[in-house]
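Note sheet for the following structure.
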There are 2 protein chains.
Amino acid sequence: MTDIDELLSIRAAELYYEEDKTQDEIGTILRITRWKVGRLLAQAKANGFIRIEIVHPRARRLGLERQLRRATGLVDAIVVSTAGVVDELDLQKRTAQAAADYLSALRPVPRTLGISWGRTLHDISEQLKPGWANGVNVVQINGGVSLNARPGTAAATAVSIAQKGGGQFTLLPSPAILERVETKLAIASDRSVAAVLEMGAGASAYLFSAGQADAGSAHVDSGYLTPDQVDELVRKGAVGDVVGRFIDSAGQIVDPALDERTFGIPLEQLRRAKTAVAVIGGPRKHAIARSVVLSGLCTVLITDEDTAQALIGAA
Amino acid sequence: MTDIDELLSIRAAELYYEEDKTQDEIGTILRITRWKVGRLLAQAKANGFIRIEIVHPRARRLGLERQLRRATGLVDAIVVSTAGVVDELDLQKRTAQAAADYLSALRPVPRTLGISWGRTLHDISEQLKPGWANGVNVVQINGGVSLNARPGTAAATAVSIAQKGGGQFTLLPSPAILERVETKLAIASDRSVAAVLEMGAGASAYLFSAGQADAGSAHVDSGYLTPDQVDELVRKGAVGDVVGRFIDSAGQIVDPALDERTFGIPLEQLRRAKTAVAVIGGPRKHAIARSVVLSGLCTVLITDEDTAQALIGAA
DNA sequence: GCAGATCTTGCTCATATGAGCAGCGGATTA
DNA sequence: TAATCCGCTGCTCATATGAGCAAGATCTGC
């Protein structure tokens, strides 16, 4: 395109998009035919001079969703827009809202929903509308009695999701990580606990998040791990944790001994699941999101625009 | 609008603007009629959820230009977009480009063009295309022999503008500010110098910029004023200078004694001019731009989006 | 300098979109 | 409870826009 045509296309675009003139009127103003105006506008679009953004907390980026599905083979991908986001809290809320929307619209409605716990899941439970489902049974899939801060939040999340969905909840009465393997095996062998794990294993859908491996990990907050222990895991290649289990960028368990002491369904059960919805957003979770997606831990990813971009760039 | 309709309008907007679907197709997807889709899109626009931006160095903001004309009574206003601007240099170049474009398209073509000097005018002279006019006489309207840095830049600007416009140039052979009033009067009374001033007074159009009043003023760089002297002017209410003369926010001369020693046409000549084009952009020039416009020093303002916004908000 | 190739232009025609209007339905009030 | 009103819906019709094509303009290589 010549320089003069480029300038004309910008003038045309101004009149068309800012001034709401018709292509015919623009033609009169710029002394060109209306067909040329149409072509100039098409060129301006093709050259990327026209940027259209949908600014709304619930806006999604369908183009990125498609790219993400294609690049990763995910069954579904939801990408929330970051346009107009003011802070990280805002972004977290948007992501949770999208997850709640997705869950509400999920067909077939899962009879049994296996969930993890954490800040993200808590946010989702808040965004869900009462009546989002008609009798879902919610079951925890990993241990989650918080050792120090806000005890019972994990349970509250499950309760809220179940109640709003008009169904029952089943808690996993165990810490996330036990100190000794023997203790873990002992708890697991308890009949009632085993029943919960079994129910978790048979869930028709899973909803979970993931944590990044750094000092801000929920495991540190909850008192299961010290910052030093997390550092050690990072040194071994950990990028984050999924349902309490730390994995490297290839999706492999980083520390088998620690994993033995971690209570919850094994990752293989997520990998085999027909519907496993991962909700992972925010700038610090790019690496763990990538690992989750590429190692097949989820069939559906709900994330934000920036994370999606990083994933597409890396995949 | 109900909450559900708002959400629908966002979904519709995504499909329309990102996925290039027709309203009819969107209707099928969302299970609503195509007329409802049209209405939802109209609502999304009306609510400001759809943001369209033209990203190009030569993009202008016609809407702001109109508002600016209405708010200030300017004959014309050119507002360059800041979308995609990377640094202040970029913005300066855009503004200069717009000024060059405006000057090239100005009808009737001025026979005699009075110009000031400075970084902005220099940039404009660079952006002008050879042959932008067919015989303009360019005359300097204020003194401008730089005392230390880059001597001759003021002259070079006038020469360049005249040569590219196929015309003659007339320089004003005097410093910007004299040390003593007597010296100024002596120079002014010289027959040849008086002739230049007279030519400047009779110019058919003026093109000038303005400087902010702070340590970064061109007068400090050029050695005419010390930072302390500028501070003193600021204390007296100065917001900046126009053709070398410092004015307050009402457009009044701040320091009459200093002004007596300043060489160039008086501001009243600019105020009486039929065509006086001021080119003032950048975050530090909001105050001086406001003063220039509101005190009637220009009939045309060429500026950037942010400055225009500030002007409209303040006017 | 000329023949062929390619690109641009102005058109016809099909389609997409917006304006305007009648009818329906749910809310409001006497 | 009935009358009235307001706003939403689905339509018709006019207009705006984009696809496709033939003719003209411009470029390229010999």
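Computed from heavy atoms alone, side chains included, the values below leave out hydrogens, waters and symmetry copies. First the proteins, then the strands, lettered A, B, ... as listed; each starts at 1.
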Atom-pair distance (NZ on Lys45(A); C1' on dG18(D)), nearest Å: 10 Å

Length of the CZ-C1' vector between Arg31(B) and dG10(D), whole Å: 19 Å

Residues in contact with DNA chain D, drawn from residues 32-39 of chain B - heavy-atom cutoff 4.0 Å: Thr33(B), Trp35(B), Lys36(B), Arg39(B)

Terminal helix-axis angle for the helix from dG1(C)-dC30(D) to dA30(C)-dT1(D), with five pairs defining each axis and rounding to 10 degrees: 40°

Heavy-atom donor-acceptor pair, Glu305(B) side chain to Thr82(B) backbone, under 3.5 Å: yes

Phosphate-side-chain proximity, Tyr16(A) and dA16(D), N/O vs OP1/OP2 below 4.0 Å: no

Whole-Å distance separating the CG atom of Leu41(A) from the P atom of dA16(C): 19 Å

N/O to N/O distances under 3.5 Å, protein versus nucleotides 25-27 of chain C:
none

Reported CD-to-CD1 distance for the pair Glu65(A) and Ile78(A), which is rounded to 0.5 angstrom: 4.5 Å

Side-chain touch Gln43(B)/Glu6(B), heavy atoms, less than 4.5 angstrom: no

Residues in contact with DNA chain D, drawn from residues 19-29 of chain B - heavy-atom cutoff 4.0 Å: none

Under 3.5 Å donor-acceptor, Ser160(A) side chain and Ala156(A) backbone: no

Partners passing side chain to side chain donor-acceptor pair (under 3.5 Å) against His122(B) (at least two apart in sequence or in another chain): none

Asn134(B), CG atom: more than 12 neighbouring heavy atoms under 6.0 Å: no

Listed partners of Arg70(B) passing salt bridge (charged side-chain N to carboxylate O under 4.0 Å, His left out), at least two apart: none

Within 6.0 Å of CD in Gln168(B), more than 12 heavy atoms from elsewhere: no

Any donor-acceptor N/O pair, Ser204(A) side chain to Thr112(A) backbone, under 3.5 Å: yes

